[in-house]
Number of protein chains: 2
Amino acid sequence: MTTGLERGAGSSAPRSEDVARLAGVSRKTVSRVLNNEPYVSDESRRRVLAAAEELGYRLNHAARALASGRTRSIGVVALATAGYGTASLLVGIEQAVRDAGYALRVVNTPDGDPQSIAGALESLLEQGVDGIVVSVPIVEGDVPLGVDVPVLFVGAPPAFTAARTLTVGVGAHELARAATEHLLDLGHSTVHHLAGPRRWYATKDRIEGWRAALAARGAHEPPVLNGDWSAASGYAAGLGLASDRLVTAVFAAGDEMAIGLIHGLRESGRRVPEDVSVVGFDGNPVFAYVTPPLTTVRQPFEAASSEGIRLLLHAIEKPDTELPPANDPPVELIVRGSTAPPPSL
Amino acid sequence: MTTGLERGAGSSAPRSEDVARLAGVSRKTVSRVLNNEPYVSDESRRRVLAAAEELGYRLNHAARALASGRTRSIGVVALATAGYGTASLLVGIEQAVRDAGYALRVVNTPDGDPQSIAGALESLLEQGVDGIVVSVPIVEGDVPLGVDVPVLFVGAPPAFTAARTLTVGVGAHELARAATEHLLDLGHSTVHHLAGPRRWYATKDRIEGWRAALAARGAHEPPVLNGDWSAASGYAAGLGLASDRLVTAVFAAGDEMAIGLIHGLRESGRRVPEDVSVVGFDGNPVFAYVTPPLTTVRQPFEAASSEGIRLLLHAIEKPDTELPPANDPPVELIVRGSTAPPPSL
DNA sequence: ATGAAAGCGCTAACAA
DNA sequence: TTGTTAGCGCTTTCAT
């Protein structure tokens with residue numbers, strides 16, 4: 001009415017102005033309603049909502065981002081391996097992010113190299129995200145980059161400097177310790193450890209938990225074996241360990257390595273759990289149905305992601321406030337059939 | 001220099017205007033360089049790039065999206081279950097999308113219900129994506145929604161109407177057929193089938209492949225069993241099947257169900273593969289290390305995603321052109337230890 | 001409680 | 001080959 005322009009012949013998508021006109025209010029009032037801002041009469045709110053509904057109005061996020069400087073989206077740097085752990089974490093993050101009304105941008109990296117991480121971060125920063133989650137068990141090295149949004153590291157300590165860094169653990173240390181103690185409690189004189197790749201932080205964390213459990217009982221600490229998280233690497237380790245009769249208990253840093261390990265052991269004539277006990281790490285439910293069912297510790301992926309996102313959003317939305325305290329995730333040991341007392345007992 | 005404004009005390013992020021000024025060209029020329037458009041002298045290009053580098057310039061994607069109407073991002077609707085298949089597909093999609101210079105937005109749905117799908121699509125549409133991938137093995141029902149960007153369905157037929165729908169298969173029919181034929185070739189008189197949930201498209205596809213193989217050999221078609229993809233549901237099915245001595249071969253529609261099935265069978269006193277042969281579906285490498293190692297068919301996730309994204313990008317960038325032909329992914333049967341000739345032979 | 005005007009940083013259409 | 005002029009659709013002041 002007021003402007004000389006008329007809506008084209010039923011073509012392009014409705015804008016907030018169309019909603020405003022239909023509701024008989026200003027564009028700003030529409031904006032207020034859509035953003036749940038105060039100082040809008042119930043009447044106005046109702047009419048705006050009705051008009052939006054009627055028009056099939058869809059807010060343009062790009063325009064909002066440009067005008068407000070915030071995108072209401074958070075980016076995640078994930079590992080391009082389809083493992084149970086990685087995938088569970090991503091699902092948990094997505095859910096927590098969406099529950100908070102944010103959108104998710106994902107970039108994968110083939111590995112945790114500082115170089116790849118830097119590339120992933122750069123791409124996220126360009127897209128414009130309000131915060132970043134680095135769920136990659138980053139390897140050592142520095143990522144030289146001007147990151148001006150809060151960054152959450154899950155399951156690893158901050159690997160580079162950003163405006164604001166946060167951390168949320170998955171309790172790896174405690175879980176590794178619990179796994180090792182379970183074996184020790186069964187009567188094994190010591191526990192061997194099949195770890196992940198050397199440079200990964202996740203590897204170190206678990207090694208330390210295992211080591212702490214051993215030390216607390218005064219048990220001898222055998223040399224660490226390194227796999228690459230795959231079942232194949234666990235299998236190779238199993239073949240190697242089988243000939244050593246002193247090995248009666250092994251804690252593997254991943255379920256899949258544990259499965260491979262058991263296979264290698266059995267193929268070499270060692271029974272599991274009669275001769276050798278094995279504990280895994282992750283908690284993939286499918287391994288309750290293999291023979292023998294795998295004893296393992298469950299990583300609290302959902303808890304860690306919702307807790308982490310909570311912290312991240314706090315840092316985004318109330319930058320100057322104290323961070324809410326981090327709740328430690330529960331330690332969960334799942335005892336199944338792959339562990340038993342040592343043969344001599 | 002020319003304008004009265006001076007850069008603030010080293011604060012806000014550089015814009016294209018800053019780059020233009022430093023390079024001594026116009027903003028539009030900067031834009032041309034950044035978008036790899038023609039009609040820019042090498043000299044200008046070089047200087048723009050140098051200036052951008054020097055300033056640490058980062059293109060604002062929100063502004064670009066607003067001005068151009070395109071976001072250079074594609075959205076994916078994925079299933080919120082951290083299975084091997086889902087995760088592999090997502091990794092493949094992410095890679096293909098990034099290789100093409102697009103960004104990825106992910107929304108999960110707890111299930112394949114039309115309702116959930118509609119919500120996921122709506123959220124993607126609001127964020128502004130140039131195309132959408134529905135990687136959910138969608139269930140029946142209609143999704144009433146105005147989707148005006150191309151939509152790619154992977155592993156399922158179009159489940160709702162959009163401006164432009166595309167499909168890329170994962171060869172499920174052929175894979176199911178190959179799995180069934182393998183069992184028949186071994187000498188089994190017929191093959192039972194443990195399928196997924198009834199309403200899923202992925203379930204039907206596999207049932208049809210299985211049925212086709214049976215029909216081609218004139219084999220009797222036993223009633224279909226339905227699980228929910230989980231190992232637990234496979235286990236339950238195994239317990240039920242064990243008492244029927246006529247069952248000597250089972251094709252399970254998922255690796256995890258197969259693992260549960262084998263466990264249920266063995267627990268009931270049926271040996272695998274001596275008494276009953278089992279074939280899985282997916283190709284998760286870890287199951288090469290369980291006892292017995294699982295015979296399975298491998299879903300070509302990487303091939304399907306790169307092929308699918310290729311089609312989708314074509315539809316986005318050259319809407320009026322003929323679609324390039326779809327390459328059929330290869331069928332891959334992996335024979336391991338869970339299959340053998342039937343006991344009587 | 002509401003509205004008017006002025007941009008956010010970029011690309012599109014046109015002109016030179 | 002390059003630059004100029006207008007917006008893209010929203011949120012921000014700052015009035016009212």
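Letters A, B, ... mirror the listed sequences (proteins, then strands); counts begin at 1.
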Taking the nucleotide of DNA chain C with the nearest heavy atom to each, does B:R27 or A:V40 sit closer to the 5' end? A:V40

Kindly point out which of C:dT2, D:dG3, D:dC10 is positioned nearest to the side chain of A:S44? C:dT2

Need to verify one output field. Residue with the more 5' nearest nucleotide on DNA chain D, A:G69 or A:R15? A:R15

Residue A:S16, side-chain atoms from C-beta onward, closest of C:dG9, D:dC10, D:dT12: D:dC10

DNA chain D: stems of at least 3 consecutive Watson-Crick or G-U pairs, cut-off 3.5 Å? C:1-11 with D:6-16, C:13-16 with D:1-4

On DNA chain D, more 5' by nearest nucleotide between B:Y39 and A:A63 is B:Y39

What nucleotide among D:dG9, C:dT11, C:dT2 has an atom nearest to a side-chain atom of B:A67? C:dT11

When you get a sec, tell me which of C:dA4, C:dA12, C:dG7 is the closest nucleotide to the side chain of A:K28? C:dA4

Counting only N and O atoms by type, is there a donor-acceptor contact under 3.5 Å from the side chain of A:R47 to the main-chain atoms of A:A23? yes

Heavy-atom pair of closest approach, residues A:E94 and B:N108: OE2-N, 3.0 Å

Taking for B:A62 and for B:R32 the nucleotide of DNA chain C with the nearest heavy atom, the one nearer the 5' end belongs to B:A62

Atom-pair distance (CZ on B:R21; C1' on D:dG3), nearest Å: 16 Å

Just how far, in rounded Å, is P of C:dT2 from CZ of A:R46? 13 Å

Whole-Å distance, A:D18 CG to D:dC10 P, equals 9 Å

Straight-line distance of A:R164 CZ to A:I316 CD1, nearest 0.5 Å: 10.5 Å

Nearest heavy-atom approach of B:P110 to B:S116 is CD-CB, 4.3 Å

Spell out, as yes or no, whether a donor-acceptor pair under 3.5 Å connects the side chain of B:D130 to the backbone of B:T71. yes

Distance in angstrom units between A:L66 CG and C:dG9 C1', rounded: 5 Å

Quick note, A:R64 side chain, CB onward, closest among D:dA6, C:dG3, D:dT11 is D:dT11

Closest to the B:L59 side chain: D:dG9, C:dT11, D:dT11? C:dT11

Report yes or no: does A:R58 contribute a side-chain atom to a donor-acceptor pair with the main-chain N or O of A:A13 at less than 3.5 Å? no

Would you say the side-chain atoms of B:Q127 and A:H61 include a donor-acceptor pair closer than 3.5 Å? no

